[in-house]
Participant: 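So that we are looking at the same thing, I have put the structure below in structure tokens.
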Amino acid sequence: MRIVVLAGGIGGARFLLGVRAYAREVGAEVTAVVNVGDDLWLHGLKICPDLDSVMYTLGGGADPERGWGRVGESWTVKEELAAYGAEPTWFGLGDKDIATHLVRSTMINGGYPLSAVTEALATRWQPGVRLLPATDDRLETHAVVEDEQGQRAIHFQEWWVRYRANIATHRFVFVGAETAKPAPGVLEAIGSADLVLVAPSNPVVSIAPVLAVPGLRAAVADSPAPVVGVSPIIGGAPVRGMADRCLAVLGVECSAAGVGRLYGGRPDGGLLDGWLVAEEDAGAVVPGVTVRAVPLRMTDEAATAAMVRAAVELT
Ligand code: GDP
Ligand code: CA
């Protein structure tokens with residue numbers, strides 16, 4: 001059995017722990033297609049927050065409390081940069097994390113595509129899952145915002161980390177999406193999958209930029225395999241993070257049904273055959289989609305693997 005998972009950072013990473021546990025049980029192969037819309041260059045370093053969240057989490061090196069970055073992290077470089085007044089000061093870069101970005105940046109500057117760099121970094125972390133960036137090309141999520149300084153587009157990280165999504169926002173733009181190509185192996189993985197899962201990741205700024213890579217949405221929509229999504233919204237609120245603010249920008253109701261309808265059912269030109277919602281959201285209706293209510297809190301690997309089993313049984 002071959003399973004493909006579309007994933008963002010923290011929610012995607014936690015879900016992948018369960019997918020990997022399930023896959024080990026049944027002898028399946030897992031490929032994760034990960035969002036790169038959050039990626040940025042800072043201080044000459046190429047940073048891939050979502051790929052790193054997934055890699056560190058699956059590799060056992062993530063900080064479980066903070067949710068991002070490395071466990072046992074120190075912040076000497078950050079303090080030194082601040083002492084120079086080097087901007088931006090709102091983005092946290094830990095010392096251990098910086099080593100990852102140094103290796104990655106050296107390889108990128110040497111001409112290696114992000115997919116090859118990701119594979120190289122994974123030889124250390126052994127995530128047990130094939131990690132593919134959605135694209136090797138530049139695809140950056142920007143938010144079109146408005147304040148006293150007028151209307152302007154800012155990088156997603158500035159919107160999320162600096163402004164905490166607390167600024168009037170007109171829309172999101174995926175810069176570079178028109179000309180981006182799926183990374184090598186992405187379309188092949190989706191085309192030969194037995195099951196495609198949409199992780200309980202942020203639908204607006206994690207999954208949408210993955211689907212914005214030309215050909216990727218069509219590959220999922222046309223996939224011969226069933227496509228099952230997992231709701232990141234439980235009882236009308238995100239479990240963690242600010243997906244509610246992101247959905248509001250799109251005018252989409254922050255509910256399991258709202259996100260399900262945003263993805264849409266395959267009979268209506270959408271993506272999903274199945275949609276898992278939390279028990280609190282039993283009764284949610286998404287036209288053309290089989291909806292099932294199961295426990296959706298990823299408290300540990302076993303609970304998350306049970307979610308994956310429910311997704312398989314739905315198909
Ligand atoms: P990010 O890129 O680091 O923001 O992470 P993702 O986009 O992959 O995941 C963020 C989403 O994960 C949020 O919208 C959360 O609501 C969702 N999430 C986090 N923990 C859980 C959980 O235990 N269960 C479910 N269903 N969703 C969760
Ligand atoms: Ca992210």
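Whatever order the structure lists ligands and atoms in, that order sets their numbers, starting from 1. Counting begins at 1 with the first residue of the sequence.
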Participant: Assigning hydrophobic clusters by single linkage (Ile, Leu, Val, Met, Phe, Trp, Tyr; side-chain heavy-atom cutoff under 4.5 Å), is Tyr163 placed with Val144?
Facilitator: no

Participant: Where does Ala243 meet ligand 1, judged by heavy-atom distances below 4.0 Å: at the side chain, the backbone, both, or neither?
Facilitator: side chain

Participant: Find all atoms of ligand 1 within a distance of less than 4.0 Å from any non-hydrogen atom belonging to Leu296, and give their numbers and elements.
Facilitator: 22 (C), 23 (O), 24 (N), 25 (C), 26 (N)

Participant: Taking side chain as C-beta onward, heavy atoms only, is Val196 less than 4.5 Å from Val228?
Facilitator: no

Participant: For ligand 1, is Arg297 a contact, meaning one of its heavy atoms is under 4.0 Å away?
Facilitator: yes

Participant: Which protein heavy atom lies closest to atom 23 (O) of ligand 1, and at what distance to 0.1 Å?
Facilitator: Met298 N, 2.8 Å

Participant: Kindly give the heavy-atom pair with the smallest separation between Val286 and Ala257, and that separation in Å.
Facilitator: CG2-O, 4.1 Å

Participant: Would you indicate whether the side-chain heavy atoms of Val227 and Leu272 approach each other to under 4.5 Å?
Facilitator: yes

Participant: Quick one: CZ on Arg245 to CH2 on Trp159, what's the gap to the nearest 0.5 Å?
Facilitator: 8.0 Å

Participant: Any N or O of Pro232 that comes nearer than 3.5 Å to an N or O of ligand 1?
Facilitator: yes

Participant: Atoms of ligand 1 less than 4.0 Å from Gly9 heavy atoms?
Facilitator: 1 (P), 2 (O), 3 (O), 5 (O), 6 (P), 8 (O)

Participant: Side chain or backbone of Ser206 under 4.0 Å from ligand 1, or both, or neither, by non-hydrogen atoms?
Facilitator: side chain

Participant: Suppose we only allow N, O or S atoms; which atom of Asp38 ends up nearest to the Ca ion (ligand 2)?
Facilitator: OD2

Participant: For Phe156, which of Val205, Val175, Leu40, Val161 qualifies under side-chain contact (heavy atoms from CB on, under 4.5 Å)?
Facilitator: Val205

Participant: What's the shortest distance from atom 12 (O) of ligand 1 to any protein heavy atom, and which residue and atom give it?
Facilitator: Pro200 O, 2.9 Å

Participant: Return the name of the atom in Asp50, of element N, O or S, nearest to the Ca ion (ligand 2).
Facilitator: OD1

Participant: Quick check: Ala7 and ligand 1, any N/O pair under 3.5 Å apart?
Facilitator: no

Participant: Below 4.0 Å from any atom of ligand 1, is there a heavy atom belonging to Ser231?
Facilitator: yes

Participant: Pro182 and side-chain contact (heavy atoms from CB on, under 4.5 Å): which partner among Val213, Asp137, Val210, Val33?
Facilitator: Val213

Participant: How far is atom 9 (O) of ligand 1 from the closest protein heavy atom, and which atom is that?
Facilitator: Gly11 N, 3.1 Å

Participant: Salt bridge or not for Arg14 and Glu301, using N-O below 4.0 Å?
Facilitator: no

Participant: Taking all non-hydrogen atoms of both residues, which atom of Ser231 and which atom of Val277 are closest, and how far apart?
Facilitator: CB-CA, 4.3 Å

Participant: Could you list which atoms of ligand 1 come closer than 4.0 Å to a heavy atom of Gly12?
Facilitator: 8 (O)

Participant: Looking at ligand 1, does Asp50 have a heavy atom less than 4.0 Å from it?
Facilitator: yes

Participant: Just need the protein heavy atom nearest to atom 5 (O) of ligand 1, so name the residue and atom and give the distance.
Facilitator: Ile10 N, 2.9 Å

Participant: Closest heavy-atom contact between Pro214 and Ala180?
Facilitator: CD-O, 3.1 Å

Participant: Do you know which two heavy atoms are closest between Tyr263 and Ser201, and how far apart they sit?
Facilitator: OH-O, 4.4 Å

Participant: Quick check: does Pro238 get an N/O under 3.5 Å from an N/O on ligand 1?
Facilitator: no

Participant: Taking the six-membered ring of Tyr56 as reference, does the NZ or CZ atom of Arg70 fall below 6.0 Å from its centre and within a 45° cone about the axis?
Facilitator: yes

Participant: What are the atoms of ligand 1, with element, lying closer than 4.0 Å to any heavy atom of Asn202?
Facilitator: 6 (P), 7 (O), 9 (O), 10 (C), 11 (C)

Participant: Which residue owns the protein heavy atom closest to atom 19 (C) of ligand 1, what's the atom, and how far is it?
Facilitator: Val239 CB, 3.9 Å

Participant: Counting non-hydrogen protein atoms only, what is the nearest one to atom 13 (C) of ligand 1? Give residue, atom name and distance.
Facilitator: Arg240 O, 3.2 Å

Participant: From Thr118 OG1 over to Met107 CE, what is the distance, rounded to the nearest 0.5 angstrom?
Facilitator: 9.0 Å

Participant: Can you tell me the protein heavy atom closest to atom 8 (O) of ligand 1 and the distance?
Facilitator: Ser201 OG, 2.6 Å

